[in-house]
Undergrad: 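Okay, handing you the structure first.
Quick caveat: nothing in here was measured; it's all calculated off a predicted structure. Chain letters run A, B, ... following the sequence lines, proteins first, then strands; residues in each count from 1.
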Amino acid sequence: MAPAILFNQVSKCYRVGRGLASLFAIFGKQDYSETDKFHWAVNDVSFEVQPGEALAIIGPNGAGKTTTLKLLSRVTQPTSGQIQVNGRFSALIELGAGFHPELTGRENVYLNGIILGMKRSEIRARFDQIVDFAGIEQYLDTPVKRYSSGMYARLGFAIAAHVDPDVLLVDEVLAVGDYAFRMKCYNRMDELRAKGTSLLFVSHNMEDVRRVCDRGIVLYGGRKVFEGIAAEAVAEYANALRDNASSSRKSRKVGENLLAQKVMTHAARIERVEMIGADGIPIRTVRSGETVHVEVEVQFFEDAEAPVFASAFYGPNGEVVYDTTTRLLGVSTPNFRAGDRAVIRYELTMNLIDGLYRLTTDLAYNDLSCYYDYVADALSFVVVASDPAKGIANLQTDVSFEMIESQAVREPI
Amino acid sequence: MAVSSLGAISEYHELLFAWASRTIRARYQQSVLGGLWAVLQPAATVAIFTIIFTQFIPIDTGVPYVIFAYTAMVPWTFFAASISDMGDSLIINMNLVSKIYFPRQILPIAALLARLMDFCIAGSILVLLMIYYQVPFFALGWLFIPFILITQMVLALGIGLTAAALNVFYRDVKHLIGLGLQLWLYATPIVYPIDVVPERFLPFYFLNPMVGIIEAYRAIVLRAELPGPYIFISVGIATVVFIFGYWFFKRVESQFADLV
């Protein structure tokens with residue numbers, strides 16, 4: 001099948017430093033002087049996205065993420081390289097771009113829908129769905145200037161997500177919504193992908209990236225420095241943040257698409273996630289090196305054959321500190337029946353340096369094809385260390401000291 | 001290339017009309033008088049010139065000065081307001097231009113269409129004035145009105161597309177348009193009759209395409225005559241200006257989003 005997006009050795013160069021262009025420059029003639037500076041916002045970047053696939057683009061500010069989306073949506077032209085997008089796309093570069101503050105919600109739904117490429121008749125057919133998704137029924141005839149920023153964003157997302165695009169470009173837009181709305185957006189994106197929509201996702205929220213995407217590329221200074229499965233890309237990005245010299249890093253081969261089509265079935269529900277201290281009561285503060293229990297209570301609604309429990313700990317900068325599953329640990333899980341209720345208990349030694357940590361937990365099918373349930377940020381807790389070190393792990397250091405040879409002048413007795 | 005981008009317009013016609021209607025609704029949203037402003041604008045200008053040219057410096061215009069001036073002021077207001085709006089149409093919607101792709105000419109063309117609405121409202125008052133002053137209605141001539149109107153819109157579009165594109169690069173254009181339109185009003189027989197223009201000026205005078213257009217409106221509406229051959233000068237110039245404007249706009253269009 002033809003890829004939904006083909007981005008082939010694309011570069012985009014901006015000229016910086018000079019204010020006004022000359023008339024020659026307007027006509028696209030070469031008019032560059034020695035003093036002009038150039039900025040390669042995107043430099044020789046290639047990638048493909050297959051239909052139904054979700055690709056994350058991550059990287060620090062100024063890495064070229066938004067420029068990449070603008071190139072894809074034809075807003076701006078590449079300096080060199082080829083870009084191919086097959087099918088209709090809907091770009092969420094900014095929620096509600098094109099909303100007119102004086103017009104009502106209803107009028108803006110039509111206007112924005114048409115801007116995004118829908119026909120009036122298509123919008124009419126989906127109008128109720130859009131309004132329902134945004135949850136703004138009672139404010140439909142209110143000018144959007146009176147909307148809260150949350151309502152504004154919800155309506156913007158609802159419209160873009162109902163264009164039924166072949167390619168959906170999402171740029172850092174879920175950050176504004178509350179938790180419930182973000183969950184709704186996730187589900188809508190899953191629905192669209194099940195129908196074959198490809199997703200290009202730009203976010204600084206690594207949890208969103210891991211939740212939404214199969215694969216990820218890391219951009220740094222306009223160059224692609226990594227391509228792989230989303231979780232690897234997230235980890236790589238955390239490394240890149242520390243390693244400013246990463247522009248020399250070579251692209252790695254694309255990993256196997258392990259997270260593809262991981263969709264939640266809700267056949268079981270994670271009811272409770274708690275961290276239990278030594279004295280048996282739930283805690284949120286852990287001493288570095290302390291042994292604690294994490295309990296995850298699950299309610300099964302359908303039979304589950306040897307499901308895989310997974311837990312991932314994230315550090316203060318969003319980096320993965322520890323990510324494991326019952327399978328990786330070599331623990332065999334039993335088969336559960338519909339109506340069963342079970343607790344899985346992990347015993348962990350928290351050899352971490354001080355900081356705020358988060359725990360994400362999920363329950364996956366035996367073949368890892370789908371999630372029963374997935375709870376991002378199920379728990380957050382603080383680690384306090386008596387010796388404030390840097391890094392990730394507390395390697396439980398004991399320090400001793402021995403003098404081999406001393407040059408110190410002996411005091412005459 | 002021009003053909004394919006005109007094709008894009010038909011593909012995007014829903015956006016064009018939605019944007020024009022958005023512009024109209026937004027213009028009169030939260031205003032008490034709403035569409036009446038479309039009438040007040042030319043009417044107020046006509047009122048002040050009526051005082052000047054009937055009381056201070058009486059001038060012979062054949063028909064009452066009010067209808068004489070209003071007949072020209074309505075199309076002129078449309079012309080001037082549409083050029084001014086088209087010139088601003090890209091820069092005031094830069095957030096859209098830099099975020100979403102669509103053929104960029106949609107914005108200036110929609111600005112023009114939105115002003116056409118005002119023209120129709122103000123034009124309906126002209127009909128009332130004709131009845132009041134018992135100006136004979138020249139049915140055959142009125143069949144030519146759409147043709148003159150299109151000539152005027154083509155001319156406005158040519159100037160407006162050029163201005164909109166240049167405005168993205170140099171904001172001076174915005175001020176230049178305001179100044180240019182102010183001078184142009186007096187270079188066109190709107191508040192005075194063409195008879196007062198000295199004979200030796202006329203060959204140059206008619207090179208102003210708005211002269212032929214305004215004279216054509218007056219001939220049909222006030223004198224029950226068909227426009228003279230001078231209208232072809234206007235049609236010719238309007239066509240050339242339009243072709244240049246469109247070509248220029250498409251030529252530099254791809255750079256708009258990079259120049260926010």
Undergrad: What is the distance from atom NE2 of A:His100 to atom CG of B:Asn93, rounded to the nearest 0.5 Å?
TA: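 Here the interatomic distance stands at 8.0 Å.
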
Undergrad: Kindly compute the distance separating CZ (A:Arg120) from CD (B:Glu14), expressed to the nearest 0.5 Å.
TA: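 Here the interatomic distance stands at 6.5 Å.
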
Undergrad: Where does B:Val97 contact chain A at under 4.5 Å (heavy atoms): side chain, backbone, both or neither?
TA: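 Just its backbone gets close to chain A.
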
Undergrad: What's the separation between atom CE in A:Met118 and atom CG in B:Leu15, rounded to the nearest 0.5 Å?
TA: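 Going from CE on A:Met118 over to CG on B:Leu15, the span is 12.5 Å.
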
Undergrad: Return all side-chain donor-acceptor pairs below 3.5 angstrom for residues 106-125 of chain B, not counting sequence neighbours, or 'none' if the list is empty.
TA:
unit_1, atom_1, unit_2, atom_2, d
B:Arg115, NE, B:Asp85, OD2, 2.6
B:Arg115, NH1, B:Asp118, OD2, 2.8
B:Arg115, NH2, B:Asp85, OD2, 3.1
B:Asp118, OD1, B:Arg27, NH1, 3.3
B:Asp118, OD1, B:Tyr28, OH, 3.0
B:Asp118, OD2, B:Arg27, NH1, 3.1
B:Asp118, OD2, B:Tyr28, OH, 3.0
B:Ser124, OG, B:Ile121, O, 2.5

Undergrad: Carefully, step by step, assess A:Ile114 and B:Phe17 under the rule side-chain contact (heavy atoms from CB on, under 4.5 Å).
TA: CA-CA 10 Å; A:Ile114 289 171; B:Phe17 292 119; over 6 Å; no

Undergrad: With a 4.5 angstrom heavy-atom cut-off, could you sort out which part of B:Leu96 is near chain A: side chain, backbone, both or neither?
TA: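 For B:Leu96, side-chain heavy atoms alone lie under 4.5 Å from chain A.
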
Undergrad: Between CD of A:Glu107 and OG of B:Ser21, what distance do you get to the nearest 0.5 Å?
TA: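 It comes to 8.0 Å.
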
Undergrad: Quick one: closest heavy-atom pair of B:Tyr101 and A:Arg74, and the distance?
TA: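 Residues B:Tyr101 and A:Arg74, closest heavy atoms: CE2-NH2, 3.1 Å.
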
Undergrad: Check side-chain hydrogen bond (donor to acceptor under 3.5 Å, both in side chains) between B:Thr23 and all other residues, then give those that pass, not counting sequence neighbours.
TA: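 Here no residue qualifies.
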
Undergrad: Might you confirm whether atom CZ of B:Phe232 has over 12 heavy atoms from other residues, nucleotides or ligands at distances under 6.0 Å?
TA: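 Result for CZ/B:Phe232: open.
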
Undergrad: Give the C-alpha distance, both sets of side-chain angles, the deciding distance and a yes or no for side-chain contact (heavy atoms from CB on, under 4.5 Å) between A:Leu111 and B:Trp19.
TA: CA-CA 7 Å; A:Leu111 185 64; B:Trp19 197 260; 4.0 Å; yes

Undergrad: Within a reach of under 6.0 Å around OH of A:Tyr139, are more than 12 heavy atoms found that belong to other residues, nucleotides or ligands?
TA: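 For A:Tyr139, atom OH is not crowded (no more than 12 foreign heavy atoms under 6.0 Å).
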
Undergrad: Is the number of heavy atoms from other residues, nucleotides or ligands within 6.0 Å of CH2 (B:Trp184) greater than 12?
TA: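 Above 12, so yes.
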
Undergrad: State the NZ-OG1 distance between B:Lys99 and A:Thr76, to the nearest 0.5 angstrom.
TA: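 Answer rounded to 0.5 Å: 13.0 Å.
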
Undergrad: For a quick test of reading the model, state the closest non-hydrogen atom pair linking A:Lys12 to B:Asp258 and the distance between them.
TA: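 A:Lys12 and B:Asp258 have their closest heavy atoms at NZ-OD2, 2.8 Å.
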
